[in-house]
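Accompanying notes for the structure given below.
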Amino acid sequence: MNKFDVIIIGGGHAGVEAAYACARMGKQSCLVTNSKKDIGKMSCNPAIGGIGKSHLVREIDAMGGLMGIAADHGGIHFRVLNASKGAAVRATRSQSDRLLYASKVKSIIDSEYLLTLIEGEVTEIKISNNEAQGIRLLNGAEIDSKKVILTAGTFLNGKLFTGEEKEEGGRIGDKPSIKLADFLLSLDLKSGRLKTGTPPRIRSSSVNWKITKEQPGDNPRPTMSFITTNDVHPKQMSCFITRTNKETHEIIMKGIERSPIFSGKIEGLGPRYCPSIEDKIHRFADKESHQIFIEPEGLTSEEIYPNGISTSMPKDIQQKMVRSIAGFENAEITKFGYAVEYDFFDPRELKHTLETKKIENLFFAGQINGTTGYEEAAAQGLVAGINASLAIDEGSPWIPKRDESYIGVLVDDLVTLGTKEPYRMFTSRAEYRLLLREDNADQRLTPLAKKFGLICKERWTKFNKKMDEIGKEQERLKNYKVSLKQLNEMNSNSKAKSKSHITALDALKRPEVSYQKLCEALKIKPVRDEVAIDVVTNKKYSGYIERQKKEIKKVKKNENALIPEKINFNDIEGLSNESKQKLSVVKPRTLAHAQRIPGLTPAAISLLLVHIKKREYTKNDAL
Amino acid sequence: MPHSFSDSIVACSSPPGTGAISIVRVSGKNLTLIVKKLGVKKIDDKTSIVEQLQIKKDLNEKCVLTFFKSPNSFTGEDVLEINCHGNPLIVEMIIEKLIKLGCRRAEPGEFSMRSFLNNKISFLEAEAIDDLINATNQDQLLAASKSLSGKFEEKINEAIEDLKKLRIYVESNIDFSDEQISDDFTGFKKDLSTFIDNFKTFVLDTNSSKYLIEGVKVGITGPPNVGKSTLMNILSKEKASIVSEVHGTTRDIILRSCKIRDYEFSLYDTAGIRDQSVDPIEREGIEMAKSLLDTCDVIIEVVDPTNEDFFVNYKNPVIRVRNKSDLCNTSSKNRIDASFNNKKGISEIKDALFKALNLPLRISNISFSARSRHAELMNLCLNELESAAALSHENSLELIAENLRRASDFIGEIKSPYSSDELLGEIFSNFCIGK
């Protein structure tokens with residue numbers, strides 16, 4: 001019988017990232033998928049990145065993950081969102097050629113000699129004494145392992161809805177994992193239903209492009225990964241924009257009771273932030289038009305993806321609705337939109353390592369934890385993979401921190417807050433947003449990745465070179481003086497009072513002074529963008545960064561106040577049953593963690609604190 | 001902070017000392033047994049009975065007992081109030097009797113704390129109760145009572161809501177910039193400045209209310225022998241410090257309180273600041289004076305025509321006065337001309353005090369009671385709002401967002417002080433025992 005270090009169930013974005021991390025950390029890993037050809041498949045829209053999400057991609061990349069590299073190899077359109085705003089909220093978004101993306105993922109996975117790919121349907125996780133020990137396949141075969149990572153995506157009890165039609169499936173054309181779902185439900189883990197949806201796909205030759213608005217990619221083209229250059233990008237394509245109109249909305253409103261969401265057929269809650277078009281029209285009744293991004297599916301694809309009209313309306317209504325939109329008058333729908341409803345497990349039953357609290361050695365990552373999006377899934381895959389590997393080596397776990405990465409925010413939010421709707425990353429979820437920039441993800445994480453053995457030599461060399469250049473540029477700018485006159489020429493409101501000269505580095509602090517202007521004024525050669533942005537942003541944000549660091553220090557005190565693992569929250573005197581229940585589900589590790597549990601009042605926190613103090617007190621007394 | 005909330009606590013809830021009656025208050029999850037052991041056969045919720053309690057072997061005390069059944073009591077627990085004759089000996093005997101029956105002496109503020117922990121009162125209400133009890137004049141009483149009825153909390157909630165709306169604009173323009181939610185930056189700036197204007201008024205009201213409740217701390221300073229003590233005596237209308245002609249007479253910091261136009265003022269007459277002093281005792285006095293001035297709400301710096309060049313920078317607002325102006329012919333450029341001996345310039349100084357503190361002359365429009373804790377947090381909040389307003393360009397939206405996030409943290413802390421380092425227990429322990 002085979003024995004692996006880690007088995008990863010599922011070949012989606014969480015699964016591949018988890019498997020790749022385990023293999024890099026020297027673990028004999030086995031990825032089991034229903035279908036090898038679907039490894040790294042983009043089930044929803046063909047895009048990677050976007051606001052909040054690109055931060056995750058950069059972090060995964062900084063840890064040596066594959067998503068950013070695959071996005072560069074598959075990327076046919078790149079754009080920086082929020083480009084006019086500060087560095088912390090700038091976000092790169094890429095459109096991918098689905099086939100190129102998946103094939104890059106596949107080739108990276110294939111190149112890992114420690115990683116075995118098996119095709120088959122997992123029906124059971126072997127569990128003994130509350131410890132996962134391997135898996136059982138539909139054909140009866142068993143595979144043993146030290147750790148199991150489950151990344152089943154939307155396949156658990158997946159149901160697809162198009163109007164009154166309903167079928168079982170995890171994705172259009174794919175059967176769901178019902179046996180595994182039933183098995184998991186027997187484990188007494190808290191579960192719920194969520195839904196997500198996709199829009200109809202349209203044949204690109206049937207679109208009247210002339211009346212849509214073209215949106216070309218950025219020039220120069222950014223990359224998603226720190227170690228690729230945009231030379232690897234394939235041929236680029238444009239996106240196009242059109243809009244819904246009054247007629248579209250009328251068509252939808254007329255048929256709304258035939259939508260499975262409104263007829264009550266779907267119980268699961270969908271993402272508020274990525275609503276179906278019927279949801280949008282229902283909720284924002286006063287809005288007369290919604291924007292649609294027409295995204296190319298790929299260089300060789302005949303289909304386009306109309307982002308913004310995800311729907312589960314009946315086919316006849318979808319047809320009418322699509323044809324009411326400018327540019328789609330003669331549109332031919334190649335696949336109809338549908339909603340998928342699936343099981344997810346309450347992520348509050350997970351540790352920060354993504355190991356389940358109830359079953360040792362079993363990790364959950366990706367959409368089964370209630371998230372939406374490739375990037376969120378991949379980030380969890382990475383966390384689970386790393387922690388499964390660290391646990392085998394008996395190393396201390398990696399608990400990504402909220403002030404260190406969006407990955408940390410994601411994991412902490414999930415295990416602390418749980419989720420009622422599919423969880424999507426936003427920059428506003430990160431209280432230390434100014435510290436967590438896309439461009440400094442490598443500084444925040446690559447040294448750690450190096451420690452874990454996750455990155456190649458090439459990345460480490462490149463990273464050190466960048467750090468070196470940043471240091472040198474700061475030194476260089478410190479040695480240049482900028483006069484008041486020069487500042488004024490740069491349009492700066494001359495606020496310099498006492499000092500007639502300031503250093504070039506300090507000049508960057510002024511909002512009106514850009515790096516480019518500064519270099520021109522001083523007649524010096526600018527350094528490359530990647531280096532300049534760090535020097536400039538650290539200077540521009542300096543006051544804010546100092547304060548955030550102080551805040552982190554303050555919180556750290558409570559972050560270090562550990563709650564004894566054996567505490568019984570039901571024993572806390574005076575605590576309401578509701579608070580007891582909340583604490584018992586989340587089982588916070590630290591006082592700071594407990595403070596983040598929603599709905600826990602300051603009074604409840606005080607009672608918890610008193611309880612812990614009292615325990616210590618009586619313990620000391622006994623000594 | 002107490003180590004338990006499940007036991008029964010007891011304390012004298014009326015002022016210490018003798019009086020007609022005293023009140024002993026008991027609170028606990030279930031007082032049935034204790035009531036029974038006291039020898040009371042039956043007492044109903046919200047009723048009072050007269051009962052002979054045996055408090056010592058040969059001593060019976062006739063008391064009035066009032067019982068409040070949980071959860072309809074101040075603390076949310078069973079509460080028993082025992083009215084007895086106002087003799088400290090009797091009170092102590094009753095308390096000791098109750099301790100024998102299983103009660104524990106309450107810690108300062110513990111009744112209020114239990115009330116808070118049982119969600120009977122909010123934190124702000126707890127503070128208002130404390131203010132109400134400690135009110136020494138009608139205006140304070142009125143303000144505290146308005147706070148207790150929720151006036152202050154209401155205003156805080158309003159501000160929190162308004163701030164939330166501003167944050168929604170900023171955050172959605174960062175996170176949904178591609179989805180055309182709204183991008184009316186000018187409109188946002190206008191809303192922000194309207195909010196700041198309203199909030200400033202609220203901050204002013206809070207400050208005035210804080211001064212009403214806590215009084216104003218005034219430091220009087222300046223070179224030696226310019227008449228600081230005289231000024232203090234005039235303001236406090238009594239002879240407090242020794243007034244003499246010898247330099248450095250006022251070595252210690254002397255405190256007098258007085259009332260100016262409805263407000264309580266504490267006046268600190270500090271050692272004359274004279275850096276060249278060699279006397280170690282006097283030097284120590286000067287150090288003390290300097291650190292005291294940092295804690296004053298406002299400073300009056302007094303000089304006379306012989307040392308007009310005296311000038312010190314202070315952290316806090318300062319009123320600069322030239323005494324003995326009658327001894328020279330010129331008028332001072334940037335100081336209030338005064339002559340304390342002739343009572344000249346006094347009302348100007350008083351006006352300046354009110355102006356420096358932004359105090360309304362009449363208290364009648366103060367609609368809630370506030371404390372330094374509130375005022376400090378609100379000023380921090382205002383600073384953040386003003387920093388946000390100063391960022392005039394949309395490309396700093398993430399910095400505006402950061403300022404607003406901090407602003408909302410500060411104002412949120414007024415309602416739940418837990419987020420700060422302070423422990424709740426420390427805050428409640430400032431209350432008296434029996435509250």
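Residue numbers start from 1 in every chain, and the chains themselves are labelled A, B, ... in the order their sequence lines are given, proteins ahead of strands.
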Pair S289(A)-R243(A), side-chain hydrogen bond (donor to acceptor under 3.5 Å, both in side chains): steps then yes or no: CA-CA 6 Å; S289(A) 171; R243(A) 311 189 62 91; 2.8 Å; yes
Of E214(A), Q215(A), H77(A), E295(A), the residue whose pairing with S238(A) passes side-chain hydrogen bond (donor to acceptor under 3.5 Å, both in side chains): E214(A)
Taking side chain as everything from C-beta outward and backbone as N, CA, C, O, which of these in E398(B) sits under 4.5 Å from a heavy atom of chain A? Side chain, backbone, both or neither. both
Going from CD1 on I121(B) to CE on M113(B), what distance comes out if it is rounded to the nearest 0.5 angstrom? 11.0 Å
Is it the backbone or the side chain of A87(A) that comes under 4.5 Å from a heavy atom of chain B, or both, or neither? backbone
Under 4.5 Å from any heavy atom of chain B, what part of S84(A) do you find: side chain, backbone, both or neither? backbone
Which pair of non-hydrogen atoms, one from L435(A) and one from I545(A), has the smallest distance, and what is that distance? CD2-CG2, 3.6 Å
Residue Y541(A) versus chain B: region with a heavy atom under 4.5 Å: side chain
For the interface with chain B, which of E551(A), R547(A), R433(A), R93(A) has the highest count of heavy-atom pairs at distances below 4.5 Å? R547(A)
Where on R79(A) is there a heavy atom nearer than 4.5 Å to chain B: the side chain, the backbone, both, or neither? side chain
Considering residues, nucleotides and ligands other than K151(B), do more than 12 of their heavy atoms fall under 6.0 Å from its NZ? no
Non-hydrogen atoms of chain A under 4.5 Å away: do they reach the side chain of L397(B), the backbone, both or neither? side chain
Please name all residues satisfying ring-ring contact (aromatic ring centres under 6.0 Å, His included) with F410(B), sequence neighbours left out, ordered by chain then number. none
Structural part of R406(B) lying under 4.5 Å from a heavy atom of chain A: side chain
